[in-house]
Amino acid sequence: MCEFCHKHGEGQKWYLRAENYSDDLLSDLKRRKFIADFFSGAEEHRRRKTNVRTPQPMPWFVRSVLRPYIVSRQKKVHFGQVLPIEDVEKVFGFVGNIVRLPCYCRYINLGTEQRFCYGISMAPQEGEMFKIIKEIDMAYLTGPDTSGLEELTKEEALENFRQYEKEGLCHTVWTFVAPFIGGICNCDRSDCGSMQATVTEGIPSMFRAEYVAEVNPELCNGCRQCMRVCQFGAIGYSAANKKIFTDPLRCYGCGICRASCTKDAIQLHDRASVPVAANLW
Ligand code: SF4
Ligand code: SF4
């Protein structure tokens, strides 16, 4: 299990622990301020850095000195983990409220409202999280009119997630000052700042999933549809065997490759059961 499971999960996956979504955690004033600052900072962030895909040159020695500090701070405030759709379904099973929000990263990158992020709360109706959001400058979210925050049923939200899988989007769960969890997003490397920092720049701001993918060569017909959607370059193709293979050292365990496989040839296994990847986060 990842570091957060040990710290915040009490023996289970940290994002499956209902207490970590609780409105009680939002009585912490520092956490409330972080959330308000986070969302109200989007416009400024966009002005300063119009495209997070633009490489930010940083000498290696500066990067190596700053890296531990940045990662440690991110783990305290805003850190994520990849999770497969069956775990998203478990989370939707116990939260009380799901609201679809415009994606922060895509707003910064593209300057448009793209609703790929889902705020979740234990409250049966709008919880404290959404009250905080509605109180701040909503320019990035929906402008002054907050009525556009879309409430969805669990079934509607899950159906959207299934559609995202067909487009190759990877599900990720996020803290807003750990251990409080405020949302689940649907990310790709083109526009997700955290995914770019983690995978491209080597400065992690999310853990890999608790799983690793493996292909059953008996079922694989070598069509390579799964290779198109893997965001992590973890699938290769053997011209000799006419089948794909997965690389456990690169696999983030998102499970998205399964959605494009008509042969049901890819399964996820517990990361702990795959020795070479067991301690790879
Ligand atoms: S999509 Fe399925 S059948 Fe096609 S190459 Fe990938 S694992 Fe094999
Ligand atoms: S091979 Fe791993 S990282 Fe790539 S899509 Fe499949 S589960 Fe995700």
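Please read these numbers as outputs of a predicted model, since none were measured by experiment. As the structure lists them, so they are numbered: ligands from 1, and atoms in each ligand from 1.
Salt bridge status for E3 with K75: present, with a side-chain N to carboxylate O gap under 4.0 Å. Salt bridge present: E86 and R258 bring a charged side-chain N and a carboxylate O closer than 4.0 Å. Taking the charged nitrogens against the carboxylate oxygens, R17 and E10 do have a contact shorter than 4.0 Å, which makes a salt bridge.
Residue contact check: G222 has heavy atoms under 4.0 Å from atoms 5 (S), 8 (Fe) of ligand 1. Listed by number with element, the atoms of ligand 1 under 4.0 Å from a non-hydrogen atom of C261 are 1 (S), 2 (Fe), 3 (S), 7 (S). Close contacts between ligand 1 and C220 involve ligand atoms 3 (S), 5 (S), 7 (S), 8 (Fe) [criterion: under 4.0 Å to a heavy atom]. Residue contact check: C226 has heavy atoms under 4.0 Å from atoms 1 (S), 5 (S), 6 (Fe), 7 (S) of ligand 1. Close contacts between ligand 1 and C223 involve ligand atoms 1 (S), 3 (S), 4 (Fe), 5 (S) [criterion: under 4.0 Å to a heavy atom]. Every atom of ligand 2 is numbered from 1 in the order shown, and the set under 4.0 Å from a heavy atom of Y252 is 2 (Fe), 3 (S). Remark: ligand 2 atoms within the under-4.0 Å shell around heavy atoms of F232 are 3 (S). Against a heavy-atom cut-off of under 4.0 Å, G255 is close to the following atoms of ligand 2: 7 (S), 8 (Fe). Annotation for ligand 1: atoms under 4.0 Å from non-hydrogen atoms of I266 are 7 (S).
Note that R208 lies in the cation-pi zone of Y252, set by a 6.0 Å cut-off to the ring centre and a 45° limit from the axis. Cation-pi check for R271 over Y211 is not met; the charged atom does not lie both under 6.0 angstrom from the ring centroid and within 45 degrees of its normal.
In I235, neither the side chain nor the backbone holds a heavy atom less than 4.0 Å from any atom of ligand 1. At a 4.0 Å heavy-atom cut-off, ligand 1 touches N221 through backbone and side chain alike.
A continuous path of ILVMFWY side-chain contacts below 4.5 Å connects F92 to M122, so both sit in one hydrophobic cluster. Linking Ile, Leu, Val, Met, Phe, Trp and Tyr residues whenever their side-chain heavy atoms come within less than 4.5 Å leaves M1 and L83 in two separate clusters.
Looking only at protein heavy atoms, the nearest one to atom 4 (Fe) of ligand 2 is C230 SG, 2.3 Å. Remark: minimum distance from atom 8 (Fe) of ligand 2 to any protein heavy atom is reached at C254 SG, 2.3 Å. The nearest protein atom to atom 5 (S) of ligand 1, hydrogens excluded, is given as R224 N, 3.1 Å; this is a heavy-atom distance. Among protein heavy atoms, the minimum distance from atom 6 (Fe) of ligand 2 is reached at C257 SG, 2.3 Å. Here the heavy atom of the protein found nearest to atom 2 (Fe) of ligand 2 is C251 SG, 2.4 Å.
In this structure, the side chain of E156 engages the main chain of T153 through a donor-acceptor pair within 3.5 Å.
At a threshold of 4.5 Å between non-hydrogen side-chain atoms, the residues V173 and V91 do not count as touching.
A donor and an acceptor atom, one from each side chain of E167 and Q163, are nowhere located under 3.5 Å apart.
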